[in-house]
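In what follows, a single structure is set out as structure tokens and then discussed.
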Number of protein chains: 2
Amino acid sequence: MSPSKTSGFDKTRSAGYLANHMARLFAIALAEEIRPLGLAPAQFMTLLELWRKDGLTQKELVERLNVEQATMANTIARMERDGLVRRRPHPDDGRAQSILVTEKARALEEPATAAATRVNDSALNDFSQAERDQFNDLMARAIDALRSADARRKGA
Amino acid sequence: MSPSKTSGFDKTRSAGYLANHMARLFAIALAEEIRPLGLAPAQFMTLLELWRKDGLTQKELVERLNVEQATMANTIARMERDGLVRRRPHPDDGRAQSILVTEKARALEEPATAAATRVNDSALNDFSQAERDQFNDLMARAIDALRSADARRKGA
DNA sequence: CAATGATAAATAGCATGCTATGTTAATCGG
DNA sequence: CCGATTAACATAGCATGCTATTTATCATTG
């Protein structure tokens, strides 16, 4: 009869697949919204932290943004290339450096955060406030569980 | 007083940020689970379709997996390099080719889907069945909204 | 049938992410 | 104070994804 097997895995009901697809769509939407500002998604994410507290070290950015150190090193390098940040030797630690926002980047805070808000709103357009809250809660719980599992794998 | 501004953007409550973080954690977990099988996440995702229906064209895979044609072309090239698929000229269309699963890849269906199920289960460990269903529904709705917005941007 | 336009893949170039290593500076135990 | 360890960055190498462009083949139509 049917040449296809009754597969045990339906990707349209797999949280991992849905998460991946959704994240790519969010990234594309954000990229298009902030491209006119000369910003890329990872740069925006990094600036979110630097706008909040300028002069953070690379290590501090890594902790706040949940990316690997090598990833952040590359992102900072691109941001420096694009004139969004500059580096200053850290006063207390010769290994570290402070990452400082330029005037150019400081001026992007309002339009960039507005763009990100537009993206979230368009994605959650038909969600009630209760649904938005629950959605964020569910994602946060999945993140916690995945982080625990990862820590367990590494710490085992 | 405080040197930091009362920022209008809290990334821990941004669906886009949470989606990105969650998707990266899912990808890491899946990568670790299927690495012993010699599979990478995008390869697994592609095989899910080929296990269901062997001999699909690149275009058909692109439609089913929601990635760009260039992305799929590269993924297929890596899979061919790794002995997971081979290509055969398409009988009816000289431009196209059928992508066929090798025996090696066929043997991975059971262990790989089991691995993916483990990852989903560990992420949704403390979710009730109702929460899991709602989570998938909310993600599916966000995906639909983002796709509509993207289509609007491109079709405008 | 030939010119045109559409379509399937391939390729180039780049951004993000990750793991694994290397370098240099700080720290700690003796 | 010194050697060993730890810590902060930098680099190398690779996988995924995307956009834009090129190439080859169809398909349509005049």
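Protein chains get the first letters and strands the later ones, always in sequence-line order, with residue 1 at the start of each.
Checking B:Leu47, B:Leu100, B:Asp54 one by one against B:Arg106, the side-chain contact (heavy atoms from CB on, under 4.5 Å) holds for a single residue, B:Asp54. Remark: of the listed residues A:Asp121, A:Asp126, A:Asp137, A:Asp121 is the sole one forming a salt bridge (Lys or Arg N to Asp or Glu O under 4.0 Å) with A:Arg132.
Note: B:Arg87 CZ to B:Gln58 CD = 7.0 Å, rounded to the nearest 0.5 Å. The CG atom of B:Leu50 lies 7.0 Å from the OG1 atom of B:Thr46; values are rounded to the nearest 0.5 Å.
Protein atom CD of A:Gln43 is 11 Å distant from nucleotide atom P of C:dG17, rounded to whole Å. Rounded to a whole Å, the CG atom of B:Asp92 is 14 Å from the C1' atom of D:dT25. Between the C1' atom of C:dA9 and the CD atom of B:Glu80 lies a distance of 13 Å, rounded to the nearest Å. Protein atom CE of A:Met45 is 15 Å distant from nucleotide atom P of C:dA15, rounded to whole Å. The CZ atom of B:Arg64 sits 16 Å away from the C1' atom of C:dA8 (whole-angstrom rounding). As a whole-Å value, the separation of B:Glu68 CD from C:dA8 P is 14 Å.
Sorted by first and then second residue, the side chain to side chain donor-acceptor pair (under 3.5 Å) pairs with a member in residues 26-43 of chain A read A:Glu32-B:Arg153, A:Glu33-A:Arg118, A:Gln43-A:Asp82; sequence neighbours excluded.
The side-chain heavy atoms of B:Leu48 and B:Thr113, taken from C-beta on, include a pair separated by under 4.5 Å. In this structure, B:Val101 and B:Leu84 have side chains that are not in contact, with every pair of non-hydrogen atoms separated by 4.5 Å or more.
Note on ring orientation: taking the six-membered ring where Trp is involved, the planes of B:Phe9 and A:Phe44 are perpendicular (angle over 60°, cut-offs 30° and 60°).
Taking side-chain N and O atoms only, A:Asn20 has no distance below 4.0 Å to OP1 or OP2 of D:dT16.
Along DNA chain D, the nucleotide nearest B:Asn66 and the nucleotide nearest B:Asp82 are compared for position; the residue whose nucleotide lies closer to the 5' end is B:Asp82.
Annotation: proximity of residues 21-42 of chain A to DNA chain D (heavy atom, distance under 4.0 Å) is found for A:Arg24, numbered in ascending order.
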Please encode protein proximity along nucleotides 2-14 of chain D as a string of B, S and -, counting only heavy-atom distances under 4.0 Å.
-----BSBBBB--

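Counting all heavy atoms, side chain and backbone alike, B:Phe127 lies closest to A:Leu138 at CZ-O, 3.3 Å.
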